[in-house]
Structure formats: C-alpha cells, structure tokens
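Start at 1 and go down the list; that is how both ligands and their atoms are numbered. For the single chain, residues carry numbers from 1 onward in sequence order. Only this structure's heavy atoms are used, side chains among them; waters, hydrogens and symmetry mates stay out.
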Amino acid sequence: MVLPGPQKGTSRISRVTDASDIPIRVRPEIAALPAYKQGKQAGDEAFKLSSNENPFDPLPGVVEALHGASAVNRYPDAAATRLRERLAARFGVGVDAVHIGAGSVSILAQLVQATSGAGDEVVYAWRSFEAYPWLAVVAGATAVQVPLTADARHDFAAMAAAITDRTRAIIVCSPNNPTGPIVTQAEFDAFVDIVPADVLVILDEAYAEFVTDPDAVDGLRTPGGPSRDNVVVLRTFSKAFGLAGLRVGYAVGHPRILDAARSTSIPLSVTALAETAALASLDAEDVLLERVRVIAERRDRLAAALRDAGWRVPQAQGNFVWLPGGEESLELAAAFEAAGLIVRPFAGDGIRISVGEEESVGKVLRIAGTVVNDLPKGHPGRGLA
Ligand SMILES: *Cc1c(COP(=O)(O)O)cnc(C)c1O
C-alpha cells in the first residue's frame, strides 16, 4: 500500500505488494501496511504535545472511583449498561441507541468492518485522522481520499462527487484532526441530504467538547440523536475527559446499525474500570467544562500568536494547532524536539502541536517564531503577513 501523503485529486488506495520476510501467508494488503510506530514518548524534561492528550490530572472523583472499583478477577458487563443508560439519558435517546467501545477508534473499526468489504469503498477527507486509511485496508475495502480545501477544510462538493454505487461508509471528522477546522452544521446537513440513505455517514466528533464556533456541526445537539437514520455520531472520553489511557468511547445512532457494529466487536474489551472512570468523569461536569474552557482559550491564544509570528494556521477548534510545514515538516519537528517539545510531524505535509501545559505555550511560540523565518518565500506555511 502507498501510505497516503499529500496529493492532488481523489485517490483510491488498494495497491498490493508481497512481503517475503513474513514466515507465514498474510493477506497481502495487511503485509504491505507499515509496522505500527507509536508517537514519541517524552523524556522527563520534555512536553509531550504529539497525541492530543489532556494535560490535566484525572477529573476529581475518578481516581477514588477506580480505587473502589470491583474486583478485576471478574469479567466486565459486556454491554456497559450503566454508562449506556447514563449517556442515553443525557442525549435523549433509548439505551439501544448508545454503543460503548474501547476507545471510539474501536467503534470506527467495527462500523467499517460491518459495512465495507472487498470491492466496497470508504470515503473520507484527507488529510484527516491517520486511522481512517488503515481501517479501510484492514476491512479489505478501498479507501477513497478526498483532498481538503486550501484552508484545510472538508471539500463537500468533491466528497459528494466521490460517492459511487460501491460507497458503503463516509467518515466526516469535525474538528478535523490534524488540521483543526470544523465542519459547519449547514455543510453537514446539506451533504447528508445528498448521500444515499443506505450509506453510513460516521460523524467523528472526538474533539466536540473543545469547539467554540457556534456554526459547528453538533451531531447530538437536539435530543433524540442524529437527525438521519444513516448517521452515527462518535465521541470519546480520551480527549476532553482525559481518559485516553483507559480506552472508552461511544457511538449514538440507529440501534440496528449499532447492533451490526456490536456483531463485529471483540467481546468484553471495555473494562469495568473504564466504565467506572467514564461515569465518575460525567459526575464532574463542572470541572470538565472549566478545564475545556481553559484549553480552548489557550488554543486560541496559541493560534493567534502563531499567526502573528507569520504562520498560516488554519482554524483551530480542537485541542491542537496545525502548522503547514510542507517539505520541511520533519526538520521543523526536529527543531521543536531539540527544544524539548515533542510534536507530531506528517512528512511532506505539516506538524500538529497539541495544546498542553501552560508552560509549554511560550516555548512553542519561541521555536515557531524562529523557524518560520527560515521557510522559503511562497512556502505553504507562510501567512500573508
Ligand atoms: C483521538 C481520536 C479518536 C478516538 O480516540 P479513542 O482514544 O480511540 O477514543 C477518534 N477520532 C479522532 C479524529 C481522534 O483524533
């Protein structure tokens, strides 16, 4: 497989290569996948700004709840009923319209698996979340990548044009990881109107809590769940709620679609500890909202200062900012790393910097302000200033 880099025009990825160094027979498209590489771990002195994690300690009550949690010699409740009931009440849907997974990535995998096999197509914007191409390939389907617009937003006209009779799932990511902009409610509604009613639309809202743009799509804005039967909304406890290490996320949508997802899932992968921590986090909503406000304010300050320094930073509505580093992205990431800032480079395209501890902001700005001056004239990262 060719790992998707920046590219012009919609592309279909299903190229197959042989791997003679694997001692057994492996599906060729799996053998061709690059071996998993985890984001860099930060040393003691460094700030880890590479995985969009929450810099705060767990919410109050979470650690206590984990200490009091039930015996780990028992299997968890396979259906995570308490958490589903809690979320169902919160979003005004039936309990069957909520599905819990070991992180929303695992629900993404289930939905793609349930809808898309060999010959089927999964459409999404690119660049977006790194897991999307991998999910399609692992399901045996073809990944159809639709380039973002020049300002790093979803191009819905091009996405609509990419739909064929082989399309089975479409993923919309708002705010878009790693570039930052939201999809507006109006854009999303107009797009869903033209998607065939039997094609799944996954609205991935991993960063929903950080959004401050009032025009942004909110798949769970109105009680009763998504407005269309073919839309499933994904949220996670990993980012705003700060539970990335425990692996818990959820989907809200049509119960029969979620049944299909459940049928593909590995049973019992959501632990009782994860469920307990998620419930305790929901109890601490006031503190959560205050922390989210702090991070959103820090993000806006960071993005504004980066623009002042000469960077062309797209709208940033998650807990991260995007620097269009182009061909210089790896070098730029190395410059940040040398200063004790672990950021996430995407070769040939850009670097994503998570909004971390307050003390990291000044350091990020110092390095970013220096390296921008080394970029050649006309570089995609350079602002109009
Ligand atoms: C982080 C992230 C997720 C989910 O992460 P989990 O930890 O698996 O819940 C999903 N989508 C996007 C775009 C993300 O950035």
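- Residues satisfying the side-chain contact (heavy atoms from CB on, under 4.5 Å) test with Asp259, not counting sequence neighbours, are Arg256, Arg262.
- Residues Tyr207 and Phe320 bring their aromatic ring centres within 6.0 Å.
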Table of N or O contacts for ligand 1, cutoff 3.5 Å:
from, atom 1, to, atom 2, distance (Å)
ligand 1, 7 (O), Ser238, OG, 2.5
ligand 1, 7 (O), Arg247, NH1, 2.7
ligand 1, 7 (O), Arg247, NH2, 3.3
ligand 1, 8 (O), Ser104, N, 3.2
ligand 1, 8 (O), Val105, N, 3.1
ligand 1, 8 (O), Arg247, NH2, 2.7
ligand 1, 9 (O), Ser104, N, 2.7
ligand 1, 9 (O), Ser104, OG, 3.2
ligand 1, 9 (O), Thr236, OG1, 2.5
ligand 1, 9 (O), Ser238, OG, 3.3
ligand 1, 11 (N), Asp204, OD1, 3.2
ligand 1, 11 (N), Asp204, OD2, 2.7
ligand 1, 15 (O), Asn177, ND2, 2.8
ligand 1, 15 (O), Tyr207, OH, 2.6
ligand 1, 15 (O), Lys239, NZ, 3.1

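- The side-chain contact (heavy atoms from CB on, under 4.5 Å) test applied to Val26 returns Ile22, Ile24, Ile30, Ala31, not counting sequence neighbours.
- For Arg27, the salt bridge (Lys or Arg N to Asp or Glu O under 4.0 Å) partners two or more places apart in sequence, or in a different chain, are Glu29.
- Judged by distance alone, the side chain of Asp77 and the main-chain N or O of Thr81 form a donor-acceptor pair under 3.5 Å.
- Val195 places none of its side-chain heavy atoms less than 4.5 Å from the side chain of Thr167.
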